[in-house]
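Quick notes on the structure that follows.
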Amino acid sequence: MTNRQFSSAPVTLLVSGASAPEPCLPTGRPPRRLDAAAVTAALARTAAHPRQPAAHPARAEEFLLVELHRAYRPDVLRAALRAVLPEASEPEPGGADQRQASAADPGSPSDGQDPGQDLLWQRAADGPAELDRVLAELGRSLAAGPRLRAVLVAERGTPGDGPDGSDGRDRPNTPDRPRPPRLFLGFAPAARGRAVELLEELRKALAHPPEPVTVPTSALQREMLRQVLGRPDHHGRHVEQLSWNWHGPLDTERFTAAWQSVIDHETVLRAAFDWDEDDTGDPWMVLHERAVPEVTRHPHGAAEWEELLAADRRRGFDLRRPALLRATLLDAPPDAEEGPATRVLLSYHHAMLDGWSVRLLLQSFYRAYLTDGVLPGGERRPDVRDHARWLRAQSTDAARQFWSTRPAATAVLPLDPDPRRPGSGRARRRLTPYEAVRLRGWAAAWGAGESSALQAAWALLLYRAAQSGRPRRPARAVRVGFAVTVSGRGIPLDGIDRLPGALRNPLPISVRVHPGTTVPQLLAALRDGVLDLAGYEWVSPGQAHRWTAGSRGPRPNSLVVLEHLPAPAHHLRLETDLAAHGIHVESPTPAGTFTAYPITLAAHYDATGGLVLTTTHDRTLLADQDAVELLSQSAHLLRAFPDLPSGLSTTEVLRSTLAGQPAPRLGEPAAAASGATDRAGPADPSEPSDHPAPDDGRPDDGPDDDRPAVRLDVLRQATRPGAGWVLLLPPPGAPGTRYPGTARGWPGPQALGVLRPVAADPPPAAYRPLLGPLLDSRTPVALVAPPGLGVTAYEIARLGAPAHPLVVLLGQEGDLTAVAELLGGHA
């Protein structure tokens with residue numbers, strides 16, 4: 001562009017690509033409104049003065065350029081351009097994941113966009129010379145590209161716009177008055193005759209932007225979102241962090257451009273969530289036209305790595321903004337012996353992506369980085385839209401029938417609720433490569449995998465915890481329950497193994513452990529139980545619990561995960577290509593996700609073949625020392641399994657391997673089940689989140705005279721340490737669904753719970769085993785009692801310290817509405 005005196009009218013027509021200086025067209029000032037007559041007259045004047053052919057035939061043929069003097073959001077503009085030229089936005093056959101990476105064209109866009117596909121570029125220009133270069137690049141791309149293409153040019157160091165609509169070129173450019181990007185439309189030489197028609201179509205498309213594309217969320221996503229939306233302590237929940245070392249040079253601009261290219265190709269990375277503020281209806285996904293990666297780089301010494309990890313987790317994600325994935329880079333010391341190195345942290349939200357998905361995206365990212373930040377091809381299909389369509393077509397009849405035949409657990413991990421322990425904790429143990437190989441070979445000899453061994457160790461610990469509550473009593477059979485993860489990719493949808501999304505799914509499983517059960521028998525039962533889940537991997541954990549026979553029993557409150565990774569496509573070639581650039585990247589290491597379960601035991605293999613065990617737990621429900629003890633005993637059992645005689649019974653295995661180690665007697669199992677209810681959240685608005693404990697006197701388990709007479713259902717956790725508890729005493733005969741809605745309207749900082757009798761008319765002393773730690777502490781406790789239970793509340797209060805706790809008596813009939821009004825909420 002040789003003439004830079006741009007008009008301040010709504011449109012300016014210019015001719016570019018000539019070999020000699022060109023005047024602005026039209027020579028006169030166009031009207032303030034863009035209309036077809038003005039553009040036609042301007043084009044006619046250009047035709048009346050034919051120009052000499054260019055002296056340099058290698059230059060691009062002359063094209064038409066239009067500048068619009070109105071700011072549009074990039075997503076609206078991109079959608080309008082695609083509406084005008086739908087044929088230019090069709091993805092090429094094969095998709096991005098089936099293409100060979102090729103070297104980028106030196107004249108291709110610098111932001112990682114494919115010049116053959118994207119109709120809108122975004123550029124930055126320093127001064128008129130840089131602007132000329134950008135517009136010349138636009139002209140070259142139109143020579144054999146679409147008929148119309150736009151570019152948004154952000155000019156650095158230029159004046160700001162005037163508030164009255166003038167160009168404001170005599171006003172300084174200030175941070176609070178940045179100049180909006182300049183919008184240029186380029187018409188290919190063959191499209192000059194249709195310029196007016198195309199502009200009119202574009203004007204109509206911009207005047208009526210399309211509605212955003214929405215996709216219904218899956219049942220699994222809805223459950224995860226309910227566990228974080230509206231909760232003050234949700235930050236970091238369901239956020240996973242992958243970290244690894246990058247050895248060799250790392251170009252930040254190229255790194256960012258590569259992620260931008262991946263985002264442009266992956267619908268899931270341009271998706272975000274939205275929901276009604278009044279908490280009515282289900283949340284949904286919104287697919288945005290455009291999203292940009294968030295990449296932050298810190299020089300060496302600017303931050304400590306552990307502090308960086310903690311701050312990143314606390315930050316969480318804004319679930320209404322797309323690209324629920326971000327990267328943080330921390331430079332290593334510049335004088336490191338290995339040469340330049342950078343620690344990479346990749347964070348993502350499990351409601352949008354799982355670990356399998358992120359590994360797929362990393363493969364695409366490396367390919368894009370090797371090709372100067374450009375990933376060829378169009379959007380990947382299938383994507384989240386296809387998965388949602390498949391889910392909508394599924395009938396739940398067979399799934400209901402399957403889960404209705406599954407026996408519910410009668411024992412889960414006992415917990416020790418204590419609001420004085422805020423926050424979350426993490427611990428880690430490791431089996432050496434030799435120990436991991438021995439474990440894998442031993443499990444394979446019994447027809448199982450290491451995941452079954454991990455589950456067997458956890459089942460034994462739960463069984464041991466159930467027996468520890470029966471001192472000097474004969475051991476009995478117990479059906480223990482916990483949750484295991486399935487990949488969610490065993491469904492009959494073409495390309496599901498390459499589809500990024502939130503598919504990994506925790507599902508409940510239970511297994512009957514008898515004192516005479518051998519470990520191989522336990523392995524086989526767990527293996528078969530997980531295989532039975534394969535046909536219903538798309539069922540959410542809440543649905544599975546609701547449909548399970550005896551679902552009024554305790555809900556699984558612990559999760560066991562073995563990370564399975566996709567086979568890296570062309571992995572060796574990627575490593576070789578990276579090495580050719582002097583780059584070596586290590587295998588990513590997961591930090592461990594804080595899930596909705598009070599404790600999660602996750603295992604993954606590291607780069608050396610060692611098996612790393614990580615527990616993440618909620619300190620409010622489980623003390624650090626108890627979580628560490630459970631982790632250490634799990635690792636000890638896994639190391640001991642290969643050396644155990646096959647005929648040893650469960651009792652003998654526990655006695656020989658864990659003798660002298662404390663049994664996890666953490667709290668009452670019935671209270672533990674209710675404590676996990678709030679953390680895992682209801683699966684459905686109509687699903688009760690609290691149920692009375694079942695009668696444990698099953699024929700296979702025998703009677704249980706030690707079951708607790710009272711259970712605590714935690715409706716809401718405290719918003720700050722030391723806030724205390726508000727405990728509701730329900731009237732006799734109150735249904736289990738009576739109080740969960742109260743938690744939504746509770747405005748106070750205290751934890752909110754319901755004390756539910758399991759046995760009929762328990763005496764006040766029966767509350768002591770459950771409430772003893774609270775009553776003896778300085779934690780504020782308020783007992784809310786309806787008419788008829790005032791004496792009971794008073795006697796319970798006398799179990800604690802003098803003048804503690806506070807007793808609140810309802811003066812009217814203690815229905816749900818009255819309780820909600822007392823607490824300042826709504827039923």
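These numbers come from a predicted model, not from an experiment.
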Value rounded to 0.5 Å, distance of CG in D312 from CZ in R314
10.0 Å
Tell me, with the steps shown, if S243 and T589 meet side chain to side chain donor-acceptor pair (under 3.5 Å).
CA-CA 5 Å; S243 61; T589 300; 5.4 Å; no
Taking every non-hydrogen atom, the tightest pair across L287 and A271:
CD2-CB, 3.6 Å
Distance, nearest 0.5 Å, that separates OG of S540 from CH2 of W547:
7.0 Å
Apply side chain to side chain donor-acceptor pair (under 3.5 Å) to the pair Q543 and R400, showing each step before the final yes or no.
CA-CA 9 Å; Q543 289 173 324; R400 288 174 181 267; over 6 Å; no
Less than 4.5 Å apart, any side-chain heavy atom of M352 and any of F273?
yes
For the pair F482 and I509, evaluate side chain to side chain contact (heavy atoms under 4.5 Å, CB included) and give the outcome as yes or no after the intermediate values.
CA-CA 6 Å; F482 51 97; I509 190 173; 4.0 Å; yes
Step-by-step side chain to side chain contact (heavy atoms under 4.5 Å, CB included) determination, H514 to T650:
CA-CA 7 Å; H514 189 275; T650 297; over 6 Å; no
Backbone of L503 reached by a side-chain donor or acceptor of D354 within 3.5 Å:
yes
D397 versus Q401: any side-chain heavy-atom pair under 4.5 Å?
no
Tell me, with the steps shown, if H349 and L353 meet side chain to side chain contact (heavy atoms under 4.5 Å, CB included).
CA-CA 6 Å; H349 203 283; L353 295 166; over 6 Å; no
Consider only side-chain N and O atoms of Q227 and H238, and report whether a donor and an acceptor are under 3.5 Å apart.
yes
Salt bridge D383-R385, side-chain N to carboxylate O under 4.0 Å:
yes
Is the shortest heavy-atom distance from the side chain of L638 to the side chain of L454 under 4.5 Å?
yes
Kindly indicate whether the side chain of L601, heavy atoms from C-beta on, has any atom under 4.5 Å from the side chain of W458.
yes
Q241 (side chain) donor-acceptor with L309 (main chain) under 3.5 angstrom:
yes
Could you measure the distance from the CG atom of L621 to the OG atom of S424? Nearest 0.5 Å is fine.
10.0 Å
Side-chain donor or acceptor of R512 paired with backbone N/O of R479 under 3.5 Å
no
Return the minimal non-hydrogen interatomic distance between P216 and M285, and the atom names on each side.
O-CE, 4.1 Å
Is the ring pair Y536/F402 parallel, tilted or perpendicular, if the boundaries are 30 and 60 degrees?
parallel
S357 side chain vs G501 backbone, donor-acceptor pair below 3.5 Å
yes
Does a salt bridge link D386 with R389, judged by any charged N lying under 4.0 Å from a carboxylate O?
yes
Do R426 and T615 pass the side chain to side chain contact (heavy atoms under 4.5 Å, CB included) test, and can you show the C-alpha distance, the side-chain angles, and the key distance before you say yes or no?
CA-CA 6 Å; R426 181 189 289 107; T615 56; over 6 Å; no
Are any non-hydrogen side-chain atoms of E240 and P590 less than 4.5 angstrom apart?
yes
Measure across F641 and A453 and return the closest heavy-atom pair with its distance rounded to 0.1 Å.
CE1-O, 3.6 Å
Are R222 and D282 close enough for a salt bridge, meaning some N to O gap below 4.0 Å?
yes
Heavy-atom check, side chain of T620 versus side chain of D418, under 4.5 Å:
no
Judged by atom type as modelled, is there a donor-acceptor pair below 3.5 Å linking the side chain of H617 to the main-chain atoms of R619?
no
Starting at CD of E629, measure out to CG of L622 and round the result to the nearest 0.5 Å.
11.5 Å
So that I can tick it off, tell me whether R381 and D494 are bridged by a salt bridge, with the cut-off set at under 4.0 angstrom between side-chain N and carboxylate O.
no
So, does S452 use its side chain to make a donor-acceptor pair with the main chain of A448 at under 3.5 Å?
no
CA sep, side-chain torsions, deciding dist, call: R313, T593, side chain to side chain donor-acceptor pair (under 3.5 Å)
CA-CA 10 Å; R313 183 178 295 279; T593 310; 5.9 Å; no
Is it true that a side-chain atom of E223 and a backbone atom of G542 form a donor plus acceptor pair closer than 3.5 Å?
yes
Mind checking the CG-CG spacing from L507 to D532? Nearest 0.5 Å is all I need.
12.0 Å
Test side-chain contact (heavy atoms from CB on, under 4.5 Å), reference R429, set V628, L611, V612, output is V628
Calculate, to the nearest 0.5 Å, the distance between atoms CG and CG belonging to N505 and L533 respectively.
9.5 Å
So for atom CZ, which belongs to R320, do other residues, nucleotides or ligands contribute more than 12 heavy atoms lying within a distance under 6.0 Å?
yes
When you measure from the side chain of N557 to the backbone of L413, do you find a donor-acceptor pair of N or O atoms at a distance under 3.5 Å?
yes
Identify the heavy atoms of A603 and L613 that sit nearest to each other, and give their distance.
CB-CD2, 3.6 Å
Heavy-atom side-chain contact between I496 and R489 under 4.5 Å
yes
Option passing salt bridge (Lys or Arg N to Asp or Glu O under 4.0 Å) with R421 (candidates D618, D416, D626):
D416
In terms of side-chain geometry, is the basic nitrogen of R504 or E563 positioned less than 4.0 Å from the acidic oxygen of its partner?
yes
Judged by atom type as modelled, is there a donor-acceptor pair below 3.5 Å linking the side chain of Q467 to the main-chain atoms of R476?
yes
Electrostatic pair D606-R430, nearest N-O below 4.0 angstrom
yes
Establish, yes or no, whether the cationic atom of R326 lies under 6.0 Å from the six-membered ring centre of F317 and within 45° of the ring axis.
yes
Student check: side-chain heavy atoms of R440 and Y605 closer than 4.5 Å:
yes
Counting only N and O atoms by type, is there a donor-acceptor contact under 3.5 Å from the side chain of T517 to the main-chain atoms of V513?
no
State, without any angle test, whether W356 and S487 hold a side-chain donor-acceptor pair at a distance under 3.5 Å.
no
